[in-house]
Enquirer: 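Below is the structure I would like to discuss, written out as structure tokens.
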Amino acid sequence: RGARVSRRREIAPWFALGAGLGDLGTGVALVAAPELVLRLLALPAVAETVLLRFVGVFVASVGAAGAQAALRSWTAYCS
């Protein structure tokens, strides 16, 4: 049981980092090319992309915060 807990502690920061970087990338893509993101997600196109860009900024900031927290957690665990 103890080995299982330590394995989870090793994997969790990497998982959080991957999720944060994925959100960061999606957010940047929504800001830079919202039409492309909609096409890749197989969603119908919208006439106005301002709201999508706004959502992209939010998603990117959440992703950056998650990635930063994961990196801090990982560096604290390794030290």
Side-chain angles (χ1 to χ4, degrees):
R1 181 167 165 99
R4 186 176 210 177
V5 171
S6 66
R7 181 77 174 146
R8 286 181 185 163
R9 282 190 169 177
E10 291 175 6
I11 294 172
W14 290 106
F15 183 79
L17 179 63
L21 291 177
D23 283 348
L24 179 62
T26 301
V28 169
L30 278 171
V31 171
E35 297 88 4
L36 174 65
V37 174
L38 289 176
R39 211 170 339 126
L40 290 172
L41 294 174
L43 295 173
V46 294
E48 195 63 43
T49 60
V50 174
L51 183 59
L52 283 176
R53 292 176 193 266
F54 180 75
V55 170
V57 170
F58 175 76
V59 171
S61 63
V62 169
Q68 180 188 23
L71 286 174
R72 284 181 179 233
S73 172
W74 186 69
T75 55
Y77 177 76
C78 289
S79 61

Enquirer: In chain order, what residues pass the side-chain contact (heavy atoms from CB on, under 4.5 Å) check against A16, with sequence neighbours excluded?
Expert: A70
Enquirer: Would you list the pairs meeting ring-ring contact (aromatic ring centres under 6.0 Å, His included) in which at least one residue belongs to residues 24-51, sequence neighbours left out?
Expert: none
Enquirer: Rounded to the nearest 0.5 Å, how far does CG of L30 lie from CD of E35?
Expert: 10.5 Å
Enquirer: Show the nearest heavy-atom pair for residues L24 and A64, with the distance to one decimal.
Expert: CD1-CB, 4.2 Å
Enquirer: On a heavy-atom basis, which atom in G63 and which in D23 lie closest, and how many Å separate them?
Expert: CA-CB, 3.6 Å
Enquirer: For a quick test of your reading: what N or O donor-acceptor pairs under 3.5 Å do the side chains of residues 41-55 make, sequence neighbours left out?
Expert:
from, atom 1, to, atom 2, distance (Å)
R53, NH1, V31, O, 2.4

Enquirer: With hydrophobic residues grouped by side-chain heavy-atom distances under 4.5 Å, do L21 and L71 end up in a single group?
Expert: yes
Enquirer: If you link I, L, V, M, F, W and Y whenever their side-chain heavy atoms are under 4.5 Å apart, who else ends up in the same group as L36?
Expert: L40
Enquirer: What ring-ring contact (aromatic ring centres under 6.0 Å, His included) pairs are there with at least one residue in residues 9-45, not counting sequence neighbours?
Expert: W14-W74
Enquirer: Can you name the closest pair of heavy atoms from G27 and V59 and give their distance?
Expert: N-CG1, 3.9 Å
